[in-house]
Enquirer: 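Mind having a look at this structure? Questions to follow.
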Amino acid sequence: MSGGTAMVIGTNLLTYDLGPTHPLRPERLKISWAMMDSYGLKSRLEVLQPRMATSDELLLFHSRNYVEKVREYSRRGYGLLDSGDTPAFKGCYEATSWVAGSSLFAAEAIMEGCVHHAFNLSGGLHHAYPDRAAGFCIFNDPALCICMLKMRYGCTRIAYIDVDAHHGDGVMYSFYSDPSVLNIDFHENGRYLYPGSGFPHETGKGEGEGLKINISLPPGTSDQLYIHAFERVVPPAIENYRPEIILLQSGADSHIGDPLAHLSITARTYSYIAASIHRLAHKYCGGRILVFGGGGYNLGNVARCWTTVLGILTESPIEDSTPPDWREYYKNLTGEDAPEKINEPPAETPEKLKVELDEVLKILEEGTCIGK
Ligand SMILES: [Zn+2]
Ligand SMILES: [Zn+2]
């Protein structure tokens, strides 16, 4: 196999389950995968079975003490791994090792030349730090991939783009002075949303100065505003940096109506983001794109955003009307009516938000590599 797109997926990934009342539900993967199947995308993919990260791989990023702590809590099956958002559960060590291993496997499939693009829906646990869990994330699979790309494949220019509504703090601050990571993070302004970080004046330090780009978006940011910001930041940054691979954390909680966040974009923006990154990757880095699912807490939104992204990567058209068999599956699983269209009507763009966002872009053009 060459060219093409791989999906790492299997039932082991459903074991990352923080409990029946927790918003990060394993149904997110089921409903998304079912939608991808209904649109006929499965036949356009190399489907790879998950693998577990080894403890040596976890130690590429995490501290030995922390890995041991997760192992112990996992055996015990209760307790909190952070200050409240990330409960331990029986087998959590194995569950999060499946997620991390699958992201590593996706990275390997790309770097070994088997495929151009690879996707792990269950990945994108971007809040975890080397020595602690945070924000539903036990092991940080994007950070582990970055470490592996550097150490095993000798990569020196990795672009990490994060469009989850929450700031990807665990990735951003762990490579803050590292020039081998260009980190571009779009997120809702930290004054309003967890984890409360990622402001535009945070541009990296030392050799990493100018390579950390935090686009803090006002609540209510629409498709039009988001795309305006994306266009001003991402193409110039990628053109200047010339990465060897692009990593995309495609959290679906930036979609309008997410219960945990307050941005107002639709699947149109996810389509735009994926198309832009797809074009840039084929132009500058041999098409190498590694995608992680990330957050997203409205099941219909998650499926629509991720399917849209996969449609772009596999160059498959996605009809706006959602497939009837998928709507039925959705209803059976959730008891609720499924969305009938991929694209919600676009939100309006108040002038006030545009002024606020242009202030942010001005700071970024002065302080980061997009201005050079
Ligand atoms: Zn999020
Ligand atoms: Zn392609």
Side-chain angles (χ1 to χ4, degrees), residues 1-7 16 18 22-25 28 41 44-46 82 85-86 106 109-110 113-119 121-128 133-137 140-142 161-172 185-190 192-198 214-217 219 221 245-246 248-263 265 270-271 273-299 301-302 305-306 308-317:
M1 52 177 178
S2 83
T5 304
M7 175 69 76
Y16 195 79
L18 302 167
H22 196 282
L24 192 81
R25 296 163 59 189
R28 301 158 71 251
L41 298 182
R44 318 260 313 178
L45 297 172
E46 296 285 342
D82 64 0
D85 293 324
T86 319
I110 297 168
C114 303
V115 287
H116 281 141
H117 321 312
F119 205 144
L121 301 176
S122 71
L125 303 178
H126 60 171
H127 295 304
F136 315 162
C137 305
N140 189 324
D141 59 296
I161 303 175
D162 187 321
V163 302
D164 192 283
H166 302 91
H167 182 228
D169 56 337
V171 181
M172 177 70 72
D185 198 309
F186 292 83
H187 50 270
E188 183 176 335
N189 189 323
Y192 309 100
L193 196 69
Y194 178 91
S197 54
N214 284 291
I215 306 94
S216 65
L217 303 163
T221 291
I245 183 169
I246 301 177
L248 170 65
Q249 201 273 20
S250 63
D253 44 10
S254 300
H255 193 284
I256 191 165
D258 186 87
L260 300 191
H262 322 92
L263 298 175
I265 65 173
Y270 286 86
S271 172
I273 290 166
S276 175
I277 290 175
H278 189 232
R279 181 181 58 78
L280 291 165
H282 277 290
K283 189 165 174 196
Y284 294 111
C285 54
R288 287 187 285 273
I289 309 174
L290 170 56
V291 188
F292 314 98
Y297 304 97
N298 170 299
L299 295 170
N301 292 350
V302 173
C305 293
W306 293 350
T308 299
V309 170
L310 187 64
I312 297 285
L313 297 185
T314 56
E315 300 182 30
S316 316

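Read the numbers this way: they start at 1 and go in the same order the structure lists the ligands and their atoms. Note that this is a predicted model, so its numbers are computed, not measured.
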Enquirer: Using modelled atom types only, decide if a donor and an acceptor are shared between the side chain of R44 and the backbone of G311 within a distance under 3.5 Å.
Expert: no
Enquirer: Are a donor atom and an acceptor atom from the side chains of H166 and H126 found within less than 3.5 Å of each other?
Expert: no
Enquirer: If you measure only the distance, is there a donor-acceptor pair under 3.5 Å linking the side chains of N298 and H255?
Expert: no
Enquirer: Does any N or O in the side chain of D253 come within less than 3.5 Å of the main-chain N or O of D258, such that one atom is a donor and the other an acceptor?
Expert: no
Enquirer: Taking the side chain from Q249 and the backbone from G124, do they hold a donor-acceptor pair closer than 3.5 Å?
Expert: yes
Enquirer: Provide the protein N, O or S atoms situated under 2.8 Å from the Zn ion (ligand 2); waters are not included.
Expert: H117 NE2, H278 NE2, H282 NE2
Enquirer: Which residue pairs pass the side chain to side chain donor-acceptor pair (under 3.5 Å) test when at least one of the two sits in residues 283-297, sequence neighbours left out?
Expert: none
Enquirer: Of L310, I110, V115, which is the lone residue that meets side chain to side chain contact (heavy atoms under 4.5 Å, CB included) with T5?
Expert: L310
Enquirer: Quick one: ring-ring contact (aromatic ring centres under 6.0 Å, His included) partners of H187, sequence neighbours excluded?
Expert: H167
Enquirer: Can you see which heavy atom on S216 is nearest to which on G198, and at what distance?
Expert: CB-O, 3.7 Å
Enquirer: Please give me the protein atoms (N, O or S only) lying under 2.8 Å from the Zn ion (ligand 1), ordered by chain and number.
Expert: D164 OD1, H166 ND1, D253 OD2
